[in-house]
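These numbers were taken from a predicted model, which means no experiment stands behind them.
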Amino acid sequence: MKPRHKRLAIIVSAVVGLTLAALFVMNAFRSNLVFFFSPTEVLAGKAPVDKVFRLGGMVETGSVRKSPDGLISDFIVTDMNQRVEVHYEGLLPDLFREGQGVVAQGKLEGGRFVAREVLAKHDENYMPPEAAKALEGGKFIPGDKKRP
Amino acid sequence: MYKYASPRNFYHLAGRLLPWLTAATVMLLLAGLYLGLFVAPPDYQQGETVRIMFIHVPAAWMSMFVYVLMAGAGAVALVWNIKLAEVFAAACAPVGASFTVLALLTGSLWGKPMWGAWWVWDARLTSELILLFLYIGVMALQASIDDPRRAARAAAILALVGVVNIPIIHFSVEWWNTLHQPASVSKVGTPSIHASILIPLLTMAAAFKAYFFAVVLLRMRPAILEREKHTTWVAETVEESA
Amino acid sequence: MNWSEFFAMGGYGFYVWTSYAVAAVVLAFNVLLPLRRRKAVHKTLREFYRLKGERS
């Protein structure tokens with residue numbers, strides 16, 4: 001390849017690549033997929049109607065009901081203010097737990113949120129299990145390794 | 001200090017610094033790997049996958065740090081016409097891009113088991129992906145223009161425009177409701193990373209930083225020789241090394 | 001310490017070790033590419049000075 005052709009090839013592929021990337025990103029932003037709505041926002045009518053969006057919050061403790069094979073689940077997502085019922089058919093991620101954060105992608109159908117994808121959201125805290133136990137007792141001392 | 005801004009002095013200074021930086025990188029990396037893989041406990045929620053953080057977070061920090069350095073050097077080159085700043089910016093781009101790739105790949109490998117997805121169009125993930133495209137754009141500009149001066153100027157302008165993306169990456173987790181969790185280390189107030197996990201993380205971050213400077217000097221030295229090939233000192237240096 | 005437990009990483013071995021392997025590959029490439037470049041530049045520059053010396 002002549003240097004001029006090589007240069008042209010680089011420019012063309014960069015332009016094509018960047019355009020594709022920009023389209024993907026804009027599409028993600030337009031369809032409300034880069035962030036999620038809380039149950040309060042959903043019930044206040046801020047979430048899009050008849051369109052796919054993300055719902056985020058905490059899985060209400062004691063609300064999870066699963067089919068015997070574990071593939072169909074119903075649970076309630078709450079932000080401690082409002083609650084939204086969620087229906088999901090599929091495998092839940094490992095970190096999906098009651099009292100833990102969750103982000104579900106789907107649509108509102110007859111008052112309940114039918115999710116196509118459920119993702120577990122974790123917080124920004126990292127610590128060994130012993131420290132977490134101590135924290136629950138309200139006695140968290142950072143760096144204290146002797147605690148059981 | 002100013003005398004090191006001449007390509008010749010910098011070339012020799014870099015040669016003297018490299019062994020020290022290499023030693024620092026190796027030592028910090030070994031310490032970080034030992035602390036991260038053997039000493040750090042599993043996380044109370046995420047179990048052993050928390051060890052991915054010791055790669056993922058330093059790589060993500062470096063991807064932004066290197067970009068800011070690259071854009072800053074580009075600005076210096078534009079304003080004061082300093083050749084060395086151009087060479088530095090050009091050396092930053094591929095290294096920064098590789099840190100970005102590493103952050104995205106390890107994030108994916110962490111997201112799959114914990115969140116339940118390899119990739120999500122989340123504000124944090126999306127803005128980090130845009131960072132990769134910016135790096136690729138800068139590299140494409142540098143490669144497509146023959147005159148090194150003009151190539152450096154064009155790349156610097158793109159890099160400077162792209163700087164807006166850096167605060168977007170950093171604050172995305174606060175501005176929007178994202179799946180990605182908020183920052184832990186820069187958070188003020190209550191401790192959000194236990195010391196047993198924080199220390200390996202900071203050690204690896206220091207290792208990545210030393211590694212970056214070593215690799216950038218390694219890239220800059222041949223680039224300096226090439227750009228200064230019409231000077232006698234380069235002719236002498238090349239003959240001596242033969 | 002139990003090595004098979006260590007490599008299993010609580011069932012997440014694939015994700016953890018792939019991450020570290022990817023990191024090793026990326027870090028190694030960033031060192032090898034400039035070293036190769038260094039060699040190539042020295043070679044072309046020696047050639048450049050040889051030709052220049054012949055011409056003058």
Side-chain angles (χ1 to χ4, degrees), chain A residues 3-4 6-11 13-15 17-18 20-22 24-25 27-29 31 33-38 41 54-57 90-97 100-103 105 117-133 135 140-145, chain B residues 40-47 49-50 53 57 110-117 120-127 129-130 132-134 136-146 172-173 175-187 190-199 201:
Chain A
R4 187 149 32 101
K6 198 179 149 198
R7 217 178 310 148
L8 196 68
I10 293 173
I11 293 175
S13 48
V15 167
L18 289 174
L20 276 178
F24 270 120
V25 170
N27 184 48
F29 266 93
S31 43
L33 293 183
V34 290
F35 45 83
F36 60 77
F37 293 90
S38 69
E41 286 169 322
R54 284 197 187 139
L55 165 74
L91 266 179
L92 291 165
D94 291 3
L95 211 60
F96 180 90
R97 277 161 218 171
Q100 279 284 312
V102 71
V103 175
Q105 185 168 316
E117 188 180 28
V118 172
L119 302 172
K121 178 175 166 59
H122 58 78
D123 59 21
E124 69 276 30
N125 299 314
Y126 303 90
M127 57 187 124
E130 313 88 69
K133 254 183 226 154
L135 189 60
F140 180 54
I141 303 158
D144 184 359
K145 286 200 188 111
Chain B
D43 180 61
Y44 76 121
Q45 285 290 346
Q46 310 196 41
T49 59
V50 76
M53 178 168 73
V57 172
W110 195 3
K112 181 62 186 167
M114 288 298 104
W115 295 347
V120 183
W121 288 102
D122 178 86
R124 173 53 78 77
L125 281 68
T126 306
S127 51
L129 185 66
I130 293 173
L132 178 62
F133 293 138
L134 282 169
I136 293 174
V138 167
M139 284 160 67
L141 273 180
Q142 283 162 348
S144 57
I145 303 172
D146 278 338
S172 57
V173 288
W175 291 343
W176 294 289
N177 290 325
T178 55
L179 176 66
H180 196 286
Q181 69 284 359
S184 310
V185 175
S186 58
K187 191 168 106 175
T190 50
S192 62
I193 299 194
H194 192 269
S196 56
I197 298 173
L198 182 63
I199 291 167
L201 175 62

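Here CZ of A:Arg54 is found 7.0 Å from CG of B:Leu179. Values are rounded to the nearest 0.5 Å. To the nearest 0.5 Å, atom CG of residue B:Leu198 and atom OH of residue A:Tyr126 are 11.5 Å apart. Summarising the geometry, atom CG belonging to A:Leu95 is positioned 7.5 Å from atom OG1 belonging to B:Thr49; distances are rounded to the nearest 0.5 Å.
Of the listed residues B:Ala117, B:Ser127, B:Pro42, B:Gly111, the one with more heavy-atom pairs under 4.5 angstrom with chain A than any other is B:Pro42.
The contact between B:Met53 and chain A is made entirely by side chain atoms (from C-beta outward), counting heavy-atom distances below 4.5 Å. The contact between B:Ile197 and chain A is made entirely by side chain atoms (from C-beta outward), counting heavy-atom distances below 4.5 Å. When heavy atoms are compared at a cutoff of 4.5 Å, A:Val102 does not approach chain B at all.
Contact between A:Pro93 and B:Met114 at its shortest, heavy atoms only, is CB-O, 4.0 Å.
Contact of the B:Trp121 side chain with the A:Gln105 side chain is not registered, since no non-hydrogen atoms from C-beta on lie closer than 4.5 Å. Side-chain contact between B:Tyr44 and A:Asn125: present, with at least one pair of heavy atoms (C-beta onward) separated by less than 4.5 Å.
Taking B:Ala143 as the reference, A:Ile10 meet the side chain to side chain contact (heavy atoms under 4.5 Å, CB included) condition, with sequence neighbours excluded. Residues satisfying the side chain to side chain contact (heavy atoms under 4.5 Å, CB included) criterion with A:Gln100, sequence neighbours excluded, are A:Arg97, B:Gln45.
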